[in-house]
Colleague: 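Just passing along the structure, written as structure tokens.
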Amino acid sequence: MKAAARLLLIVTLMVSIGAHWGVLQVVAWAQMIKSYTAEKGLVQGIEETFNGEHPCAMCQKIAESKKHNDEQAPLPQDRTEMSKWLSLPSGYVITTVMPCDLVPGKVSGDMQLGSSQWETTPPTPPPRCGV
């Protein structure tokens, strides 16, 4: 059971980062090498497999599917677009904190912080009881 859960996690992570396309492409190349080398010899079969001029049906399907996935709407980059994208049905909006919001002098717009608001030394620890 633990091994199955681990395998499911690995497969899920691979699909989420797009590694399944690479795995499918390797399978397609292996099938192409097998069929092309049987017909035309080892050197010619490997050359035709990787030159891009003789794609198999599986390679064409992979390229079409990757293109379709790439055409889907990307995540918004602007802060206002991000807030609209993260809007909840009940009317609440999730606000985002960008890394630049935490760096003094690098913040723009209504999030400007003066350098006087940034502490340069850490606060002292509270006194210990009974010492």
Colleague: Can you tell me how far the NZ atom of Lys40 sits from the OG atom of Ser35, to the nearest 0.5 Å?
Modeller: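 The distance works out to 9.0 Å.
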
Colleague: Transitively linked via ILVMFWY side-chain contacts under 4.5 Å: Trp29 with Leu42?
Modeller: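 Trp29 and Leu42: one cluster.
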
Colleague: Measure the spacing between CD of Glu53 and CD of Glu47 and express it to the nearest 0.5 Å.
Modeller: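 Glu53 atom CD to Glu47 atom CD measures 9.0 Å (nearest 0.5 Å).
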
Colleague: Consider only side-chain heavy atoms of I, L, V, M, F, W and Y, link residues closer than 4.5 Å, and tell whether Met58 and Val23 are in one cluster.
Modeller: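 No, separate clusters.
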
Colleague: Under a 3.5 Å threshold, yes or no: a donor from one side chain and an acceptor from the other, between Gln44 and Glu48?
Modeller: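 Glu48 and Gln44 do have a side-chain donor-acceptor pair below 3.5 Å.
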
Colleague: Considering only heavy atoms from C-beta outward, does the side chain of Cys59 approach that of Met32 to under 4.5 Å?
Modeller: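 Yes - at least one pair of side-chain heavy atoms lies under 4.5 Å apart.
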
Colleague: Kindly compute the distance separating OG1 (Thr12) from CG (Leu7), expressed to the nearest 0.5 Å.
Modeller: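 Going from OG1 on Thr12 over to CG on Leu7, the span is 9.0 Å.
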
Colleague: Check the hydrophobic clustering (I, L, V, M, F, W, Y; side-chain heavy atoms under 4.5 Å; chains of links allowed) and say if Trp21 and Val11 are grouped together.
Modeller: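 No, Trp21 and Val11 fall in different hydrophobic clusters.
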
Colleague: To check you understand the geometry: which heavy-atom pair defines the closest contact between Thr37 and Ile33, and what is its length?
Modeller: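 Taking Thr37 first and Ile33 second, the nearest heavy atoms are OG1-O, 2.5 Å.
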
Colleague: Is the NZ atom of Lys34 crowded by more than 12 outside heavy atoms at less than 6.0 Å?
Modeller: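 For Lys34, atom NZ is not crowded (no more than 12 foreign heavy atoms under 6.0 Å).
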
